[in-house]
Amino acid sequence: MKRTNYCGELSVSNVENKVVLMGWAAKNRDLGGVLFIDLRDRTGVVQLVINEQAGGEVFSLAESVRSEYVIGVEGIVKKRDPETVNKNIPTGEIEVIVSRLVIYSKSETPPFYIEEDIDTNEQVRLKYRYLDLRRPDMQKNIITRHKVCKIARDYFDSNGFLEIETPMLIKSTPEGARDYLVPSRVHRGSFYALPQSPQLYKQLLMVAGMDRYFQIARCFRDEDLRADRQPEFTQIDLEMSFVDIDDVISVNEGMIAEVFEKTIGVKVKTPFLRLTYKEAMDRFGSDKPDTRFGLELINLSEIAAGCGFKVFADAIASGGSVRAINAKGAADRLSRRDLDSLVDFVKIYRAKGLAWIVVTQDELKSPITKFFTQEEIQAILKKTDAAAGDVLLFVADKDNIVFDALGALRIEIAKRLDLIDKSRYNFLWVTDFPLLEYDDEQKKYVAIHHPFTCPFDEDIDKLDTNPLSVRAKAYDIILNGTELGGGSIRIHDRELQAKMLSLLGFSQEEAQERFGFLLEAFKYGTPPHGGMAYGLDRLVMLLTGSESIRDVMAFPKVQNASEPMSNAPDTVDKKQLMELGIKIRETQ
RNA sequence: GGCCCGGUAGUUCAGUCGGUUCAGAAUGCCAGCCUGUCACGCUGGAGGUCGAGGGUUCGAGCCCCUUCCGGGUCGCCA
């Protein structure tokens with residue numbers, strides 16, 4: 001038998017056609033003299049009908065079919081009687097009257113139902129991932145992922161980009177995430193690293209005159225996992241020559257618009273909103289703000305400076321700030337107990353506490369109002385636009401703690417009060433990031449983006465005098481509070497690159513040792529260039545409405561970075577280790 | 001590394017104060033019956049290392065300790 005059609009593609013237009021279908025038996029309904037089987041393949045399900053009188057052999061064979069048997073059938077497509085139409089499935093108007101049936105393989109009873117919206121422990125799903133992936137919603141996710149890749153490829157191709165592969169076995173980079181290392185057999189004691197991103201190679205491709213590059217690139221970072229983070233993930237990576245920020249942004253807005261329209265039919269408006277890093281932090285306490293709801297931060301430092309409440313006054317005196325969120329009209333939805341739990345919530349972010357004022361018609365309920373003068377209280381109420389029914393929530397600390405705590409609190413409150421409109425797709429760019437930050441632990445400057453990011457032209461002078469004030473030509477693209485991707489214009493000047501590396505604490509020798517090949521390349525004519533990279537998995541996660549990146553990866557890893565189906569990683573033969581010159585040392 | 005949540009039939013879960021009724025439900029599975037079902041129905045049946053180990057107790061699914069596994073999160077992720 002040779003397949004003629006897919007199950008889900010049959011319709012009334014196929015009525016009276018003789019068809020051959022292949023797939024998995026999803027459900028049997030044995031009524032005695034007539035037997036129904038739902039046949040499922042990638043495209044959907046269709047009902048098979050086997051009548052007893054149609055032929056004893058086919059019927060008895062069909063009676064032995066169990067869930068997930070792989071079968072092939074030949075039959076005639078028939079229109080169903082109106083009273084037997086199933087409106088719940090797309091093929092519900094027709095059915096296939098089976099005349100031949102082949103069982104290609106039997107199946108043990110699967111450990112969970114092969115259907116949408118199962119309520120099964122993820123551990124079990126991952127152990128039997130091939131069964132999980134057989135479920136329609138997982139198939140949809142994987143198909144969407146394929147479409148995104150295809151659309152991105154076509155888009156970049158038609159915009160003059162070349163798809164170029166870069167190596168997976170590369171030199172270890174000293175900064176950034178922890179590398180996955182691969183021992184070299186030939187060079188005993190030496191290691192390759194798996195790429196955290198194709199960063200240096202794509203820049204070298206620009207030096208090589210490829211002009212526009214893209215790649216759907218696998219990347220590796222040996223860091224702890226999250227719902228939206230895997231140690232092995234995929235980037236849509238691109239780089240362009242002779243461009244500045246606006247060029248990169250507009251090419252990418254076009255790509256995103258096309259992806260959203262062609263996958264989920266959402267028309268996104270371009271150009272996207274742009275926020276500077278400073279504005280994003282001031283208003284949302286985050287460099288990846290979710291703008292689907294309000295609850296913006298309000299800076300009360302001016303009012304609180306020198307006030308009678310020591311916690312506030314001290315925070316400001318030591319260079320920090322006091323900021324607040326006004327949860328409008330939430331007074332009757334946030335009980336005293338809820339407020340206590342919010343106090344605990346902000347402590348996760350190292351805030352020492354959370355002060356609050358509940359505004360009612362005739363009084364202010366709060367543990368802190370007694371520390372303020374009437375004037376100060378009035379100023380606070382005015383600045384926060386407080387009205388009866390509002391709840392004001394304050395954090396006072398160093399700026400970064402205030403932002404972390406209130407930024408997270410903002411989202412937490414929005415979730416609890418159900419303020420988020422899930423039908424919206426709020427894209428925005430965050431720009432004007434600082435180039436550097438000071439790492440107290442390492443006692444040195446570190447690049448916020450990476451060491452190849454170009455500073456603002458007008459800030460270059462300040463590299464020597466006030467490095468922390470230098471802005472970077474970097475940009476992140478944010479969707480609904482998730483960082484989808486980011487990039488930058490790169491340094492293309494050898495001197496400036498060398499200066500950056502020295503500012504980051506690399507000695508001349510170290511810089512030469514680690515990045516010598518890049519600096520060397522820059523001697524030979526380097527075009528101005530820049531680009532960006534998307535987290536493909538996150539993008540698909542948002543497109544499919546998935547809660548976890550694992551739901552859009554065929555074979556993801558779990559929190560301890562292992563893979564439950566194959567049980568990777570695993571020990572290897574002594575012989576393999578011998579060849580590599582590796583000995584496992586027991587640690588205590 | 002820290003914090004929070006979870007682990008009981010194949011699956012999803014309930015299990016009160018530690019005690020008879022505590023080895024339970026639903027679903028799935030198996031068998032029989034059934035000619036229009038589509039969550040088919042009816043009758044019957046099988047199915048358990050209560051994650052593991054230790055402790056307290058006359059007695060532990062339940063209390064205590066240790067440990068393993070999974071999820072979330074902080075740190076980490078240029």
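Because the structure is predicted, anything quoted here is derived from the model rather than measured. Just so it is clear: chains get the letters A, B, ... in the order the sequence lines come, proteins before strands, and each one is counted from 1.
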Checklist outcome for this item: With the side chain defined as heavy atoms from C-beta on, A/Glu122 is closest, among B/U73, B/C38, B/G71, to B/G71
Next on the checklist: For B/G75, does the base pair up with any side-chain atom of A/Arg226 as donor and acceptor (N or O, under 3.5 Å, distance only)?
Outcome noted: yes
Checklist entry - Is the shortest distance from a Lys or Arg side-chain nitrogen in A/Arg218 or A/Glu232 to a carboxylate oxygen in the other one below 4.0 Å? => result yes
Checklist entry - Can a donor-acceptor pair be found between the side chains of A/Ser548 and A/Asp551 at a distance below 3.5 Å? => result no
Next on the checklist: For A/Lys288, is there an ion pair with A/Asp476 - N to carboxylate O distance below 4.0 angstrom?
Outcome noted: no
Item to check | Rounded distance in Å - CZ (A/Phe112) to P (B/A9) | outcome: 17 Å
Next on the checklist: Let's test your reading of the model: under 3.5 Å, does the base of B/C77 pair with the side chain of A/Arg229 as donor and acceptor?
Outcome noted: yes
Next on the checklist: Taking only the P atom of each, what is the distance from B/G59 to B/G19 in whole angstrom?
Outcome noted: 15 Å
Checklist entry - Rounded to the Å, how far apart are A/Glu93 CD and B/C38 P? => result 18 Å
Next on the checklist: Side chains of A/Thr526 and A/Arg490: any donor to acceptor distance under 3.5 Å?
Outcome noted: no
Checklist entry - Between B/U43 and B/C38, how far is it from one C1' atom to the other, in whole Å? => result 22 Å
Checklist entry - Do A/Phe233 and A/Phe220 have ring centres separated by under 6.0 Å? => result no
Next on the checklist: It should be established whether A/Arg66 places a side-chain nitrogen or oxygen under 4.0 Å from OP1 or OP2 of nucleotide B/A31.
Outcome noted: yes
Next on the checklist: At 4.0 Å (heavy atoms only), tell me whether A/Gln559 reaches a base, stays on the sugar-phosphate, or touches nothing.
Outcome noted: base
Next on the checklist: Which label fits A/Phe433 and A/Tyr277: parallel for a plane angle under 30°, tilted from 30 to 60°, or perpendicular past 60°?
Outcome noted: tilted
Next on the checklist: With a 3.5 Å distance limit and no angle check, can you tell me whether A/Arg66 reaches the backbone of A/Glu108 through a side-chain donor-acceptor pair?
Outcome noted: no
Checklist entry - Any side-chain donor-acceptor pair under 3.5 Å between A/Arg178 and A/Gln196? => result no
Item to check | Sidechain-backbone polar pair: A/Gln215 side chain, A/Thr166 backbone, donor-acceptor under 3.5 Å | outcome: yes
Checklist entry - Roughly how far apart, to the nearest Å, are B/C40 and B/G45 at atom P? => result 23 Å
Checklist entry - Is there a side-chain polar atom (N or O) of A/Asn88 under 4.0 Å from OP1 or OP2 of B/A39? => result yes
Item to check | CD/A/Glu563: more than 12 non-hydrogen atoms of other groups inside 6.0 Å | outcome: yes
Next on the checklist: By the 4.0 Å heavy-atom rule, please label A/Arg550 as base, sugar-phosphate, or nothing.
Outcome noted: sugar-phosphate
Next on the checklist: We want to know whether A/Tyr201 and A/Gln199 form a side-chain donor-acceptor pair, criterion being a heavy-atom distance below 3.5 angstrom.
Outcome noted: no
Next on the checklist: Using a 4.0 Å heavy-atom cut-off, does A/Pro111 contact any base of the nucleic acid, only the sugar-phosphate backbone, or nothing at all?
Outcome noted: sugar-phosphate
Provide a list of protein-nucleic acid N or O atom pairs under 3.5 angstrom, restricted to nucleotides 32-37 of chain B.
residue: B/C34; atom: N3; partner: A/Asp30; partner atom: O; Å: 3.0
residue: B/C34; atom: N3; partner: A/Gly32; partner atom: N; Å: 3.4
residue: B/C34; atom: N4; partner: A/Asp30; partner atom: O; Å: 3.4
residue: B/C34; atom: N4; partner: A/Asp30; partner atom: OD1; Å: 3.4
residue: B/U35; atom: OP2; partner: A/Gly33; partner atom: N; Å: 3.0
residue: B/U35; atom: N3; partner: A/Gln53; partner atom: OE1; Å: 3.3
residue: B/U35; atom: O4; partner: A/Gln53; partner atom: OE1; Å: 2.8
residue: B/G36; atom: N1; partner: A/Glu95; partner atom: OE2; Å: 2.9
residue: B/G36; atom: N2; partner: A/Glu95; partner atom: OE1; Å: 2.4
residue: B/G36; atom: N2; partner: A/Glu95; partner atom: OE2; Å: 2.9
residue: B/U37; atom: O2; partner: A/Arg29; partner atom: NE; Å: 2.6
residue: B/U37; atom: O2; partner: A/Arg29; partner atom: NH2; Å: 3.4
residue: B/U37; atom: O2; partner: A/Gln47; partner atom: OE1; Å: 3.4
residue: B/U37; atom: N3; partner: A/Gln47; partner atom: OE1; Å: 2.9
residue: B/U37; atom: N3; partner: A/Gln47; partner atom: NE2; Å: 3.0
residue: B/U37; atom: O4; partner: A/Gln47; partner atom: NE2; Å: 2.7
residue: B/U37; atom: O4; partner: A/Arg80; partner atom: NH1; Å: 3.2

Checklist entry - Side chain of A/Asn560: nearest nucleotide among B/C38, B/C29, B/G70? => result B/G70
Checklist entry - Is A/Thr91 touching bases, backbone alone, or none of the nucleic acid, heavy atoms closer than 4.0 Å? => result nothing
Checklist entry - How far, in whole Å, is B/C65 from B/C5 if one measures between their P atoms? => result 14 Å
Next on the checklist: Applying a 4.0 Å non-hydrogen cut-off, can you work out what A/Tyr113 is touching in the nucleic acid: base, sugar-phosphate, or nothing?
Outcome noted: base
Next on the checklist: Distance check, C1' atoms only: B/C69 and B/A25, in whole angstrom units.
Outcome noted: 26 Å
Can you check nucleotides 43-46 of chain B for protein contacts, nitrogen or oxygen pairs under 3.5 Å, and list what you find?
none

Next on the checklist: Give me the distance, rounded to whole Å, that separates B/G75 from B/C3 when you measure between the P atoms they each carry.
Outcome noted: 16 Å
Item to check | Euclidean distance for P, B/G47 against B/G7 (whole angstrom) | outcome: 25 Å
Item to check | Given B/U73, B/A39, B/C69, the nucleotide with the shortest approach to the side chain of A/Lys27 | outcome: B/A39
Checklist entry - Is there a donor N/O on one and an acceptor N/O on the other, under 3.5 Å, for the side chain of A/Asp224 and the base of B/G75? => result yes
Next on the checklist: Classify A/Ile448 by what it touches in the nucleic acid, base, sugar-phosphate, or nothing, heavy-atom distance under 4.0 Å.
Outcome noted: sugar-phosphate
Checklist entry - Whole-Å distance between B/G70 P and A/Lys127 NZ? => result 13 Å
Checklist entry - When all nucleic acid strands are considered with a 4.0 Å heavy-atom cut-off, which category describes A/Val446: base, sugar-phosphate, or nothing? => result nothing
Next on the checklist: If we count only N and O atoms by modelled type, under 3.5 Å, do the side chains of A/Thr482 and A/Asn480 hold a donor and an acceptor together?
Outcome noted: no
Checklist entry - Can you tell me how far P of B/C77 sits from OH of A/Tyr180, to the nearest Å? => result 15 Å
Checklist entry - Looking only at atom C1', what distance separates B/C64 and B/G18, rounded to whole Å? => result 13 Å
Next on the checklist: Using the side-chain heavy atoms of A/Ala227, tell me which of these nucleotides is nearest: B/C40, B/C77, B/U73.
Outcome noted: B/U73
Item to check | Position toward the 5' end of RNA chain B (nearest nucleotide), A/Phe452 or A/Lys557 | outcome: A/Lys557
